[in-house]
Amino acid sequence: MANVTATAPATERLQLLRVLGPAHIWALGVGIVLVGEYMGWNFSVGKGGMIAGLAACWVAGLLYTCVAMIDSEVTSTIAAAGGQYAQAKHIVGPLMAFNVGLFLVMAYTMLEAANAITVGYLLDTVAGMMGHTGLNQKPFIILSIMFLAWLNFRGVLATLTFNLVITAIAFLAIIALFVSVQLGASAVPMDFSAITTAPLPYGWIGIVAALHFGLWYYLGIEGTCQAAEEVRSPARSLPYGTMAGIMTLLIAATMTWYVCSGLLPWEYLGQAGTPLFDAARVTGNTGLMVLLFVGTMFSTLASANGCINDASRAWFSMGRDRYLPSWFGAVHPVYRTPYRSIVFLVPIALIFALGAPLDQVVTFSILSGLLGYTFMTFNMVMFRRKWPLETIKRGYVHPLHPLPTIVLLTLCAAAYFAVFLGYGTQLSAMMCFYIVASLWFHFRRYRFVRRGDQFTMPWPKPRGY
């Protein structure tokens, strides 16, 4: 009996479930981002006027198209939870991987906080329209984060199926508003006279400054990579879901700018809290108002839901690889979710949602995303050099390499300058935060990392592993 016990196989380590398809990947990517059409992007109009807002929309669209293409190639090959973090640990090294993982967690957690703030603001606005002024927003902020964290705790299939439904409704609401306005359902005619009377109220520098919030149209589409370990066919689902997602967002962003710029004065649009809902209110059509209220609410919930999913996967992956305490690398025995990481990040999101201004939270998320996109450029070059096209099998090969990489790096540099123009102090503070975190990892956590064990791909190992 003793001999049988001694030779019994060790308990198999619990893994995340592979249950997702391309539609779930689309719902994850678009669900995180679509709230950017419902709020936040319009601050770019306040920075430079209507033309600057449109330029920011399309330039940011080009930046994120490059992000989507690069991510689709690398992640369809490196199918592991953590997305860009997993890419960094295989291609670059531990210090870069730690930083990329931290960029991801902070970008999604701050975006989650911004969504919760928007939920509270929207409910306060609607309550005011109905004669109930002074609504306390904090209980709704807390309730939305706690409910979505519970949903993520219970399982990824239910989480992203929920996202698929509410994201589709929110996207259809934008199309319905666009079509209705075109068919004359608005009591106020479309007016684009500001394009000629005040084309660039702050000059050409306004176009550069507008790029800061133009990123909000698409921020988070790279989050599709976080589900790489939970899709049934990564080589197929990730490229299809991601590329379909960026095309969806390009259409939605252009329609959003057109409708809002035609119905709202640019001075008001540049500081509105919920521009699409405000545009629906201007039409005087009750049905459109209700639909866009539902769309705004669903988009914020879908985004926060996806952010909890992605931030927890990145944090879980770092814990599993011992970049963080291995306690975070646990999988729930029943629901097969990274439940400790989900629970741990909830208080952080609540602190920022309850105590920080919306524009500051948005900027923290944008900067963290930008740092991750900058990494992608170096990551892509190293990936192609270490493993040329003929050496390993890829699920997707992005075209015209290295042109997308060069374009992405150039636009990231322009976006950093745009952030500096309006939020130079915050930019410096956040850079200091990431430098201090890097020093902590180098001196306190690096010794726990088993670099050789992290290379899990069946490729030729590069030097250093």
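Every heavy atom of this structure was used, including side-chain atoms; hydrogens, water molecules and symmetry mates were not. What you see is a predicted model; the values in this text were computed from it and never measured.
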inquiry  = Is it the case that atom CH2 in Trp387 sees more than 12 heavy atoms from other parts of the structure closer than 6.0 Å?
reply    = yes
ask   = When you measure from the side chain of Arg445 to the backbone N and O of Leu324, does any donor-acceptor pair fall under 3.5 Å?
value = yes
ask   = Does Asn152 reach the main-chain N or O of Leu148 with its side chain, forming a donor-acceptor pair under 3.5 Å?
value = yes
request  = For residues Ser44 and Gly214, report the shortest heavy-atom separation together with the two atoms involved.
outcome  = CB-N, 3.9 Å
message = For Phe162 and Asn305: C-alpha separation, side-chain torsions, deciding distance, then whether side-chain contact (heavy atoms from CB on, under 4.5 Å) applies.
response = CA-CA 9 Å; Phe162 174 71; Asn305 193 36; 3.7 Å; yes
inquiry  = Using a 3.5 Å distance criterion without hydrogens, assess whether the side chain of Thr109 forms a donor-acceptor pair with backbone atoms of Met106.
reply    = no
Distance (rounded to the nearest 0.5 Å) between Gln360 CD and Phe352 CZ = 10.5 Å
key: Nearest heavy-atom neighbours spanning Pro338 and Leu16   = CD-CD2, 3.9 Å
message = To the nearest 0.5 Å, what is the distance between CG on Leu238 and CE on Met243?
response = 12.5 Å
query = Under 3.5 Å, side chain of Arg394 to main-chain N/O of Val74, donor-acceptor pair present?
reply = no
inquiry  = So which atom in Ile342 and which in Ser312 form the shortest heavy-atom distance, rounded to 0.1 Å?
reply    = CG1-CB, 3.5 Å
query = Does the ring center of Phe277 lie less than 6.0 Å from the ring center of Tyr38?
reply = no
Phe213 ring center near Trp41 ring center (under 6.0 Å) = no
query = Do His212 and Tyr423 have ring centroids that are under 6.0 Å from one another?
reply = yes
query = In this structure, are over 12 heavy atoms from other groups packed under 6.0 Å from Phe153 atom CZ?
reply = yes
task = Using the side-chain contact (heavy atoms from CB on, under 4.5 Å) rule, take Leu20 and Arg232 through it: C-alpha gap first, then chi angles, then the decisive distance, then the call.
result = CA-CA 6 Å; Leu20 305 178; Arg232 291 185 293 268; 5.7 Å; no
message = Quick one, Val59 and Leu63 - any side-chain contact, counting heavy atoms below 4.5 Å?
response = no
message = Check for me whether the distance between the ring centres of Tyr64 and Tyr373 falls short of 6.0 Å.
response = yes
query = Between Phe448 and Tyr323, does the ring centroid distance fall short of 6.0 Å?
reply = no
ask   = Quick one: does Tyr396's side chain get under 4.5 Å of Met69's, heavy atoms only?
value = yes
query = Is Arg336 reaching over with its side chain to a backbone N or O of Gly155, donor-acceptor style, under 3.5 angstrom?
reply = no
inquiry  = Within this structure, what is the SG-CG distance for the pair Cys432 and Leu427, rounded to the nearest 0.5 Å?
reply    = 9.5 Å
key: Interatomic distance, Ile166 atom CD1 to Thr161 atom OG1 [nearest 0.5 angstrom]   = 11.5 Å
remark   = All heavy atoms of Ile32 vs all of Ser303, minimum pair found to be O-OG, 2.6 Å
key: Minimum side-chain heavy-atom gap Arg236-Tyr240 below 4.5 Å   = yes
Backbone N/O of Asn115 and side chain of Thr300: donor-acceptor pair under 3.5 Å = no
SB check Arg313 Glu230 (cutoff 4.0 Å) = yes
query = Quick one: are Val331 and Phe316 in side-chain contact, heavy atoms under 4.5 Å?
reply = yes
key: Contact check, side chains of Val126 and Leu135, non-hydrogen atoms, under 4.5 Å   = no
task = Evaluate the side-chain contact (heavy atoms from CB on, under 4.5 Å) criterion for residues Val92 and Phe378: first the C-alpha distance (whole Å), next the side-chain angles of each, then the deciding distance (0.1 Å), finally the verdict.
result = CA-CA 9 Å; Val92 184; Phe378 302 103; over 6 Å; no
ask   = Side-chain contact, heavy-atom cut-off 4.5 Å: Met146 with Val346?
value = yes
message = Show the nearest heavy-atom pair for residues Thr242 and Ile221, with the distance to one decimal.
response = O-CD1, 4.2 Å
message = Between Phe103 and Tyr85, is there a side-chain heavy-atom distance shorter than 4.5 Å?
response = no
key: Shortest non-hydrogen contact between Leu219 and Trp216, atoms and distance   = CD2-CZ3, 3.3 Å
Arg447 side chain vs Arg444 backbone, donor-acceptor pair below 3.5 Å = yes
inquiry  = Strictly distance-based, threshold 3.5 Å: is any side-chain N or O of Tyr108 a donor or acceptor partner for the main-chain N or O of Ala304?
reply    = no
request  = Measure up the His398 and His401 rings against each other and bin them: parallel (under 30°), tilted (30 to 60°), perpendicular (over 60°).
outcome  = perpendicular
Evaluation steps, salt bridge (charged side-chain N to carboxylate O under 4.0 Å, His left out), between Glu73 and Arg384 = CA-CA 10 Å; Glu73 175 172 333; Arg384 284 288 184 97; 2.8 Å; yes
inquiry  = With a 3.5 Å distance limit and no angle check, can you tell me whether Asn163 reaches the backbone of Ala302 through a side-chain donor-acceptor pair?
reply    = yes
query = Going by atom types only, do Ser438 and Asn99 share a side-chain donor-acceptor pair under 3.5 Å?
reply = yes
ask   = Given Tyr416 and Thr374, is the side-chain contact (heavy atoms from CB on, under 4.5 Å) satisfied, shown in steps?
value = CA-CA 10 Å; Tyr416 283 120; Thr374 305; 2.8 Å; yes
query = Under 6.0 Å between ring centres, would you say that holds for Phe98 and Phe441?
reply = yes
ask   = What distance separates Gln226 CD from Leu28 CG, expressed to the nearest 0.5 Å?
value = 8.5 Å
request  = Could you tell me whether a side-chain N or O of Ser299 sits under 3.5 Å from a main-chain N or O of Thr296, the two making a donor and an acceptor?
outcome  = yes
query = Can you tell me how far the CE atom of Met39 sits from the CG atom of Leu122, to the nearest 0.5 Å?
reply = 11.0 Å
message = Just so I know, are the side chains of Leu249 and Tyr217 near enough to count as touching, which here means a heavy-atom distance under 4.5 Å?
response = no
